[in-house]
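Just so you know, ligand 1 is whichever comes first in the structure, and atom 1 is the first atom listed for that ligand.
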Amino acid sequence: MNNNCHSSNLNPHLKSFEEDTLFHIGFSSTHDDLPEMFGDVKFVCMGGTSSRMKIYSERFADELKMEWIDYTKGERYGIFKAGPVLCISHGIGKPSASIVLHEVIKMVNYAGCQDVVFIRMGTCGGIDCEAGTVVVSDKALDEMLKPEYNLHVLGKVVTRPTQLSHVLAEDILSSQSSNNGFNIIRGNTLCTSDFFEGQARIDGAFCHYTEEDKMEYLKKVRNAGVRNIEMESAVVAGLCNAANIKAAVVCVTLLDRLKTDQVTLTHDQLMKYEMRPMDVILAFVSKKLGKQ
Ligand code: URA
């Protein structure tokens with residue numbers, strides 16, 4: 001007996017499980033009809049907060065004229081479906097994103113989804129670009145500027161590569177109209193484990209380095225082709241690579257880190273900028289579904 005684990009890339013132990021409880025997202029591989037609920041999903045869109053993912057999913061449903069369903073169970077992660085688009089929140093940082101990605105990768109596998117792509121739509125700090133710029137990531141770099149997601153497993157370091165899909169990035173970029181009113185650039189993304197010291201800020205509760213040290217590091221980061229800094233891209237890239245799923249990361253910058261450390265946008269500016277990754281992915285999904 002197995003519970004319908006299709007992929008040869010995934011954990012071989014799963015095939016022998018009678019039931020897999022996806023605890024954090026609230027589904028069961030046997031008690032929920034995952035193929036019926038999610039079998040048509042083609043795009044898994046992920047972002048930090050549940051409220052933002054709800055807004056994104058409502059917009060997908062409106063624009064694509066698709067049915068909208070709220071599948072959120074509990075308080076941890078929001079899950080909303082708009083036709084073939086699944087919008088899921090991943091919280092802040094690599095541990096939170098890793099937990100939900102493990103469960104969602106298994107879920108799309110149990111559901112039998114075909115040719116599904118994963119896209120993170122988030123916010124970030126920019127490097128050498130004005131606030132409101134949308135960055136489509138080439139690869140995620142760690143704090144040592146390596147294209148790696150490193151995890152400690154059984155007391156050893158397991159390294160997963162963090163190259164994102166060139167094909168998907170090109171597909172996303174080629175579906176954009178030139179007059180959408182904001183800049184879209186490509187570049188590497190620095191993915192850190194901390195917002196303050198990990199991102200070379202001098203405004204955290206602790207800081208033992210100078211403004212000059214900070215600028216020296218940020219310039220080194222810029223020279224490595226980095227155009228933005230955030231906290232989840234390496235997990236999205238690393239786990240999707242391991243699962244053989246195409247992935248993209250599309251984030252909007254809230255500030256230019258070569259100029260400032262603090263995010264001082266007004267509520268209205270933030271709302272406006274946060275819709276930009278959504279606009280980019282909506283254009284891409286519409287084109288893919290032949291709705292443009
Ligand atoms: N998110 C980050 O991780 N860093 C920023 O500077 C802004 C948003």
So does Tyr209 have more than 12 non-hydrogen atoms from other groups sitting under 6.0 Å from OH?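 More than 12 heavy atoms, drawn from other residues, nucleotides or ligands, come within 6.0 Å of this atom.
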Looking at [X] and [Y], does any basic side-chain N land under 4.0 Å from a carboxylate oxygen?
X      : Y      : result
Glu232 : Arg120 : yes
Arg59  : Glu63  : yes
Asp171 : Lys288 : yes

Is it the side chain (CB and beyond), the backbone, both or neither of Ile229 that lies under 4.0 Å from ligand 1, heavy atoms counted? backbone
Quick one: does any side-chain atom of Thr253 pair with a main-chain N or O of Glu130 as donor and acceptor, under 3.5 Å? yes
Would you tell me which option among Ser233, Ala131, Cys124 has the nearest heavy-atom contact to atom 1 (N) of ligand 1?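 Minimum heavy-atom distance to atom 1 (N) of ligand 1 goes to Cys124.
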Identity and separation of the nearest protein heavy atom to atom 6 (O) of ligand 1: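 The closest one turns out to be Arg201 NH2, 2.6 Å.
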Suppose we measure from atom 5 (C) of ligand 1 to each protein heavy atom; which comes out shortest, and what is that distance? Gly125 N, 3.3 Å
Provide the number and element of each atom of ligand 1 under 4.0 Å from a heavy atom of Glu230. 3 (O)
Under 4.0 Å from any heavy atom of Leu255, which atoms of ligand 1 are there?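 Close to Leu255: 6 (O).
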Could I get the full list of ring pair (Phe, Tyr, Trp, His ring centres under 6.0 Å) partners for Tyr71, not counting sequence neighbours? Phe38
Do any nitrogen or oxygen atoms of Gln199 come within less than 3.5 Å of a nitrogen or oxygen of ligand 1? yes
